[in-house]
Amino acid sequence: MELFWHRRDLRIADNRGLAAAGDGSSEAASIFVFDDAVLEHAASPRVAFMLDALSALREQYREHDSQLLIARGDPATILPNVATELEVDRVVWNRDYSGLARERDAGVRRALDAVDLPRESFHDAVHHDPDAIRTNAGDPYSVFTYYWKKWRDREKDSPYPPPNPDDLVDAERVRNLTSALECALETLPSIDELGFSEPDAEIQSAGTEASRRRLREFCDGPICRYEHRRDYPADGTTSRLSADLKWGTIGVREVWEATVEAAEAIEAREDSEGDDGTDGDDGTVGAEKRESVEEFQSQLAWREFYTQVLFHNPEVVSENYREYENPIEWENDPELIDAWKDGETGYPIVDAGMRQLRTEAYMHNRVRMIVASFLTKDLLVDWRYGYEWFKQKLADHDTGNDTGGWQWAASTGTDAQPYFRIFNPMTQGERYDPDAEYIQTYVPELAGVDPEVIHEWHELSETERHRIAPGYPEPTVDHSRRRELALEMFERARGEEN
């Protein structure tokens, strides 16, 4: 018998470690451990999503005539005890890549070695492990473009099949074990029992079925428009799979296979129609659809790029990846930080994004870049304040992605936005939300206001703003002036001050 330890892989299908444990050569039992040391770094939106995903995972095991063992405590203590009780031949899990996760796993390995229990771990959350793609000099990549070219051309594994019911320990035996183990839980704990309150946000449904539905709906249409419309938050052209990939309710190979099938379907339609599947004769739309699929695939590569950055540089969670000659003189004004958190900056696209974050535990990716640029370049606030707020509010918080994205916006990371390229929040809103549909969804004070007026909010007089939308705040800062201050701040950091 083998014991499989679930962590950020809350699914049965396309689970590399579980497939190895339940490969037919022996039975597999599965366990999830609520680790209080890890929960210290959690937040209610993520815990709520995780509990929903675990509920769905338990149902998957029941459908396979088995049951997921649930425990709470230190995995370095629990796993050897459970493995000994079950008389397993090996403990198996899928790897995680943050510094905290690697420390936890090292402790588990030492504990299993102490009782002579074999163990094995697998790369499952990524197509290509963090050491697989390097420069010609053998170094990890710090520029995405070059990483992407190699990542794209590497062969990808097919999805791993779920174990057969006969390859899983039957439910009755798991129930008996649960009764015998002091650390085991009869039922999933509530969010309150884990020490968290119910999130204010409405969290999207979790589990493999919900993940597959989102993937299917995305590949049935929006993926064909992805390259040209993904930056428009009101369009609904994104996959919304970020939390699913973070928690592993769907496998990366299954997602990749779906994108390949989407590209093949586009080509098949073109072949059957005798042209490029367009309304015209030049084939541009068909070509754009294929490019859109590849653009989405590149976003999957971004996820793995930031994973390898974190793997090789675990300090990026709290330290700048790119150092300047002098310290960056962040202002970190508490009142401005609070206005940003509350969506009360007086910049409509920024406030819409921050309010979406509060109400959905999610934010559209283009808007994430806009609000991050605004915090760091307009408000002159250290990116770490923004990272910590996102960590508290996002259901899809992923250490690699979020540190990578925040350091990109702050011009301190790998492949970062040059310090002198500063988003104009009004221009960004006008360009990507021209009809103010997204803004008015999340900023009801501006409902019914002419979009042109919304995009000129910073130029209106105080009297005009009060007349048009008396409940919406004045701009907290002047973008043009703050842009100059940001440039001066970075020039001093670079040692270029005259």
Can you confirm whether or not the ring centre of [X] sits under 6.0 Å from the ring centre of [Y]?
X    : Y    : answer
W151 : W256 : yes
H123 : Y97  : yes
F305 : W148 : no
W406 : F390 : yes
Y438 : Y432 : no
Y306 : W302 : yes

So if I apply the side chain to side chain donor-acceptor pair (under 3.5 Å) rule between R8 and each of N94, D398, T249, which one comes out positive?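 Among N94, D398, T249, the one meeting side chain to side chain donor-acceptor pair (under 3.5 Å) with R8 is D398.
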Please check: side-chain N/O of R384 versus main-chain N/O of S318, any donor-acceptor pairing under 3.5 Å? yes
Give a yes or no on whether the backbone of A76 and the side-chain of D74 come within a donor-acceptor separation of less than 3.5 Å. yes
Only one of F32, W93, F122 clears ring-ring contact (aromatic ring centres under 6.0 Å, His included) with W5; which? W93
To the closest 0.5 Å, what do you measure between CE (M354) and CZ (F374)?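 Spacing of CE (M354) from CZ (F374) equals 10.5 Å.
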Interatomic distance, L54 atom CG to Q60 atom CD [nearest 0.5 angstrom]: 11.0 Å
Check R253, R16, R95 against D124 for a salt bridge (Lys or Arg N to Asp or Glu O under 4.0 Å) and give me the one that passes. R253
List the steps, then state whether side-chain hydrogen bond (donor to acceptor under 3.5 Å, both in side chains) holds for T412 with Y321. CA-CA 6 Å; T412 62; Y321 178 90; over 6 Å; no
Carboxylate-amine/guanidinium proximity below 4.0 Å for R134 and D131: yes
Pi-cation contact, Y232 with R225 (under 6.0 Å, within 45°): no
